[in-house]
S.K.: 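My questions will all concern the structure given below.
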Number of protein chains: 2
Amino acid sequence: MKNGASIRDMEKLHQPDGFAPLDREGLVDRVARLLSQAIVSGRLAPGERLSESVVAKQLGTSRAPVREAARLLESSGLITYTPNRGFFVRRHSATEIDNLYEFRITIEIAAVRRLMREGLGATAAALGAQIEELRRLAEPGHNMLTQVEADMQFHRLICQGSGNPRYLRSFERIAQETELTIMLIGRLYDDAHRLAETHVPILDALLSGSEDQAVDAMFYHLDVARTLVTEQFRKLEESTP
Amino acid sequence: MKNGASIRDMEKLHQPDGFAPLDREGLVDRVARLLSQAIVSGRLAPGERLSESVVAKQLGTSRAPVREAARLLESSGLITYTPNRGFFVRRHSATEIDNLYEFRITIEIAAVRRLMREGLGATAAALGAQIEELRRLAEPGHNMLTQVEADMQFHRLICQGSGNPRYLRSFERIAQETELTIMLIGRLYDDAHRLAETHVPILDALLSGSEDQAVDAMFYHLDVARTLVTEQFRKLEESTP
DNA sequence: GTCAAGCCAATTGTCGACAATCCTGCAATT
DNA sequence: AATTGCAGGATTGTCGACAATTGGCTTGAC
């Protein structure tokens, strides 16, 4: 099989009537998306080398777009880059995960504060709908990655609704990394129903109008996740040193 | 003059006895540094186009390193990138500046909290030395950019001492942007002596051992800066719409 | 005079090739 | 046996050229 321009052709099939502007994704973004999917889904293991030429050959492009995409993912924390050595799938320590969650708490608490001061607006309905989506995805027949992405989407909506784009931007920078750590563990809660319901108190607190209540609810939610993920990860670390 | 490898040669002269590992900067980083200097110092005006080929020719390199450097600066907020259009020096609105400072406050307050819990350690002495440096640079004969950089260095030390590298990383991402906004205004305080002394209460509060006092001092310091910069910028905006 | 369609110059997007650098393994030396 | 020095192979770093896209300009009709 000759695989030149395979990405282009392959994806054209998925948007038969797509407008041109939607096609304006750019090869770099496409490569970045495929790479991050491969990493988060676990097809590329932590520590693994990302040879530019190998990836380029597999995707049917040249090395230049791969290089740019890799640097993009580096700023997302998914891969590391060492000069003259190349790119590697990032390997996280338990401490780094803990720091990641601490940072995430800082950002999201600040976003909640701002959201409460600016007013919920359309965000309230969006959050309610997202909880419904989480419940729907908790039913059998949905894979874990989809559930985790829906989870993150709930939190993304809050950063988005805060009104300060910096919080959203900062959130996006750690979102994929967070998804990766959860996927590495293999599970967050015992079942996805539980995951969905843990978001209800947050929305309730937001609707209560009390900034303190909202902050407390968000902090509790994230602090539980932080403890769960970090502890699970520490166990994982001990079993495979 | 043939200007191939002109950067390489030019900068070799500045480190006559430097060890090889220090030379390990890479062409991309060098271009990024030169570009950011040009932007922050005002030699490249906001809104100005950054043609890849022009920059490449000026620096004596090819377009590839310029492209990578430009994307690096994009993630630092100094320039914007539009697909198929290219790179432009970023133009900030007063609202964006306000959001920038709000975000900065969030990060640095969190860093202060963590620093107080982990203990100051060697950071205390470093902060004291940095205040001395600020006083020294306040004497006549020093340009404003140097003073602003020293100011940022004080805050960088706090993020660094916090113990969570995420705060430092986040700080670095907005540091250059912050410097740019101050340089665009042309002044922060009436004189640099005043700038130096506003850092003393922060260090005092840190040394007091009280987390609340430390947070308050840092918040006051940054909130004053936020008001000053945003207001100045709004005036600037009105005079040149 | 206004507006639309289509060409044209300029810029970005991508590519393949060459140069520089790093890791590996072996061999020679201490 | 351990260490140092030195090829050999592989990978990244950089480059110049070509293809694709954009925005402006000209041309023409109304």
Side-chain angles (χ1 to χ4, degrees), chain A residues 2-12 18-35 44 47-74 79-90, chain B residues 2-12 18-35 44 47-74 79-90:
Chain A
K2 173 77 171 61
N3 55 7
S6 59
I7 291 184
R8 232 174 298 239
D9 302 341
M10 178 173 46
E11 308 220 355
K12 274 271 168 56
F19 286 138
L22 288 184
D23 192 43
R24 280 255 134 287
E25 195 186 1
L27 195 44
V28 172
D29 304 84
R30 214 142 25 184
V31 173
R33 188 163 45 84
L34 292 177
L35 270 183
L44 287 173
E48 196 165 333
R49 176 183 213 125
L50 279 183
S51 164
E52 296 177 9
S53 44
V54 170
V55 174
K57 208 151 283 179
Q58 283 179 346
L59 299 182
T61 73
S62 89
R63 279 173 48 211
V66 174
R67 248 182 106 77
E68 290 198 22
R71 290 202 99 129
L72 273 185
L73 266 58
E74 187 207 5
I79 69 186
T80 62
Y81 167 71
T82 314
N84 295 321
R85 296 270 342 250
F87 299 94
F88 298 82
V89 179
R90 180 151 170 213
Chain B
K2 173 78 171 63
N3 55 5
S6 60
I7 291 185
R8 231 175 299 238
D9 303 340
M10 180 175 43
E11 306 221 355
K12 275 271 169 57
F19 286 140
L22 289 183
D23 192 42
R24 281 252 138 285
E25 195 186 5
L27 194 45
V28 172
D29 304 85
R30 214 144 22 185
V31 173
R33 189 163 46 83
L34 291 177
L35 270 182
L44 287 172
E48 197 165 333
R49 178 183 211 122
L50 279 184
S51 166
E52 296 177 8
S53 43
V54 170
V55 174
K57 207 151 285 180
Q58 284 178 346
L59 299 183
T61 74
S62 90
R63 281 173 47 213
V66 174
R67 247 182 108 76
E68 290 198 23
R71 291 202 100 129
L72 273 185
L73 292 188
E74 188 206 6
I79 69 185
T80 62
Y81 167 70
T82 314
N84 295 322
R85 295 272 342 256
F87 299 94
F88 298 83
V89 179
R90 180 151 169 214

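Order of the sequence lines fixes the chain letters, A, B, ..., with proteins taken first and strands second; residue numbering starts at 1 for each chain. On a predicted model such as this, the values are computed, not experimentally measured, just so you know.
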S.K.: Starting from C1' on D:dC15, measure out to CG on B:Leu27 and report it in whole angstrom.
M.R.: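 Rounded to whole Å, this separation is 11 Å.
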
S.K.: Any idea which of C:dG13, C:dT14, D:dT14 is nearest the B:Asn84 side chain?
M.R.: C:dG13

S.K.: Measuring to OP1 and OP2 of D:dG13, would you say a side-chain N or O of A:Tyr81 lies under 4.0 angstrom away?
M.R.: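 Yes, A:Tyr81 has a side-chain N/O under 4.0 Å of OP1/OP2 on D:dG13.
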
S.K.: Could you state the atom-to-atom distance from CG of B:Asp29 to C1' of D:dT14 in whole Å?
M.R.: 14 Å

S.K.: Counting only side-chain nitrogens and oxygens, does B:Arg85 get under 4.0 Å of the OP1 or OP2 atom of D:dG23?
M.R.: yes

S.K.: Mark yes or no: B:Arg71 above the aromatic ring of B:Tyr81, with NZ or CZ under 6.0 Å from the six-membered ring centre and no more than 45 degrees from the axis.
M.R.: yes

S.K.: Measure CD/A:Glu52 against P/D:dC15 and give the value in whole Å, please.
M.R.: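 Distance check: A:Glu52 CD to D:dC15 P gives 15 Å.
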
S.K.: Within less than 4.0 Å of OP1 or OP2 of C:dC15, is there a side-chain N or O belonging to A:Arg63?
M.R.: no

S.K.: Taking only the side-chain nitrogens and oxygens of B:Arg67, find out if one of them lies under 4.0 Å from OP1 or OP2 of C:dG13.
M.R.: yes

S.K.: Taking the side chain of A:Ser62 as its heavy atoms from C-beta onward, which of D:dC15, D:dT12, C:dG16 lies nearest to it?
M.R.: C:dG16

S.K.: What closest approach, in Å, do B:Val31 and B:Ala69 show between heavy atoms, and which atom pair accounts for it?
M.R.: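 The pair with the smallest heavy-atom distance is CG1-CB, 3.7 Å.
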
S.K.: I need the CG-C1' distance between B:Leu50 and C:dT12, as an integer number of Å.
M.R.: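 Roughly 14 Å, once rounded to whole Å.
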
S.K.: Output all residues satisfying side-chain hydrogen bond (donor to acceptor under 3.5 Å, both in side chains) with B:Thr80, sequence neighbours left out; order by chain, then residue number.
M.R.: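 Result, side-chain hydrogen bond (donor to acceptor under 3.5 Å, both in side chains) vs B:Thr80: none returned.
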
S.K.: I need the CZ-P distance between B:Arg71 and C:dT14, as an integer number of Å.
M.R.: 9 Å

S.K.: Does B:Ser51 make a side-chain N or O approach to OP1 or OP2 of C:dT12 shorter than 4.0 Å?
M.R.: yes

S.K.: Salt bridge or not between B:Glu68 and A:Arg67? Use side-chain N to carboxylate O under 4.0 Å.
M.R.: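 A:Arg67 and B:Glu68: salt-bridged.
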
